[in-house]
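Take a look at the structure below.
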Amino acid sequence: MEYVLETNNIEKRYGHFKALTNLNMHIPKGAIYGLIGKNGAGKTTLIRLVCGLQKATSGEYTIFGISNNSKKIINVRKRIGAIIETPSICLDMTAEDNLKEQYKIIGLPSFDNLQEILKLVGLENTGKKTVKHFSLGMKQRLGIAVALVGNPDLLILDEPINGLDPEGIIEIRELILKLNIEKRITFLISSHYLDELSKIATCFGIIDKGKIIKEITKEELEQNFKKRTQINVSNIKECVKYLEEKNLNYKVITNNIIDIYEKINVSELVVALSKRDCMVNNFQEKEESLENYYLNLIGGASDD
Ligand code: ATP
């Protein structure tokens, strides 16, 4: 497996306090890596470290195969675009001028691809409008546009949908997926919105008290999720009898609700039960959420 970022027992101390400890994470090339953790778990510290804004106290990491101890790391970091906390954009300037500033900051000789970037993020028609008149979603997309200057291969987004309305969230989701698929950009995204993250991430890292306690791919996660069919019946006794006869895995939830943890043909079940004087009032396919998985792993309620 080729990793864009791999860390080996990273530790970051602030005085005696260990913000990161024995942290091992692996971001596969082409992935959308969702970083999940409570407030204070160490997400921003980790991101700042990868971006070169802070130094690890000990441990090593590689970005695109280059060690943080190598002199080449400075050049490799040019392949990273990042938005940490709030996007670095100027409210009194237009979208285009904001991008031009970024071209100058990173020392690019011309404004090549500037219009393409604006188009990618859907801001090509904002003309002379200054950013202070943009919606939050537009500002966030401009932040991503700024991070795209220099053609990064890895984009790091710290809480990209914080404060966005549903429309803004959908726009950012679609933009991330487009950049991942069309531009083959790998993503590291930290977010508290687990439902949203589970819609786009291809793998997840769960960080707790400065340590990655679990890395899991979307496929592995889906296998972990117990899919179940929940049925509401008029005669629980007969229903249980039938499920026992068929040797199906089930759990009685209430006087008339049963969860069945196996793939079943609901129409067949309805017919079979009706012959036993048991009506199926309704049924629902249910699935565990990423949030449940996360809470089980962390061991209790999150204080996010
Ligand atoms: P949030 O979701 O709230 O942004 P986070 O997971 O990003 O949280 P960090 O900001 O990385 O967490 O902080 C990790 C821990 O390190 C916290 O306990 C924080 O108080 C501490 N910390 C961060 N920066 C410093 C600093 N400069 N000096 C001392 N402690 C710090």
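In each ligand, atom 1 is the first atom listed, and ligand 1 is the first ligand listed.
Ligand 1 does not have E159 within reach: every non-hydrogen atom of the residue lies 4.0 Å or more from it. Within the structure, the closest approach of G42 to ligand 1 falls below 4.0 Å when heavy atoms are considered. Residue K38 places a heavy atom under 4.0 Å from ligand 1.
For K132, the NZ atom counts as densely surrounded, since its 6.0 Å shell holds more than 12 non-hydrogen atoms of other residues, nucleotides or ligands. Other residues, nucleotides and ligands place no more than 12 heavy atoms under 6.0 Å from the NZ atom of K209.
Side chains of Y250 and E244: a donor-acceptor N/O pair is present below 3.5 angstrom, by distance only. Side-chain atoms of N75 and K72 include no donor-acceptor pair closer than 3.5 Å. Between the side chains of Q54 and Y14, at least one donor N or O lies within less than 3.5 Å of an accepting N or O. No side-chain donor from either of N256 and N281 sits under 3.5 Å from a side-chain acceptor of the other. In this structure, a donor-acceptor pair under 3.5 Å is present between the side chains of D158 and S190.
Cation-pi contact between R79 and F64: present, with separation from the ring centre below 6.0 Å and deviation from the ring axis of at most 45°.
Close approach to F17 involves these atoms of ligand 1, each under 4.0 Å from a residue heavy atom: 15 (C), 16 (O), 18 (O), 21 (C). Listed by number with element, the atoms of ligand 1 under 4.0 Å from a non-hydrogen atom of A19 are 16 (O). Remark: ligand 1 atoms within the under-4.0 Å shell around heavy atoms of H192 are 2 (O). Taking a cut-off of under 4.0 Å to the non-hydrogen atoms of K43, the atoms of ligand 1 that pass are 2 (O), 5 (P), 6 (O), 7 (O), 8 (O), 11 (O), 12 (O).
Considering only non-hydrogen atoms, atom 9 (P) of ligand 1 lies nearest to T45 out of T45, I47, I207.
I231 is listed as a side-chain neighbour of T229, based on a closest heavy-atom distance under 4.5 Å.
Ligand 1 has no N or O atom lying under 3.5 Å from any N or O atom of L46, backbone or side chain.
Atom 3 (O) of ligand 1 has N39 ND2, 2.9 Å as its closest protein atom, hydrogens excluded (heavy atom only). Protein heavy atom in closest approach to atom 17 (C) of ligand 1: G40 O, 3.8 Å. For atom 23 (C) of ligand 1, the closest non-hydrogen atom on the protein side is Y14 CE1, 3.5 Å. Of all protein heavy atoms, the one closest to atom 7 (O) of ligand 1 is T44 OG1, 2.6 Å.
For atom 20 (O) of ligand 1, the protein comes within 4.0 Å by no heavy atom at all.
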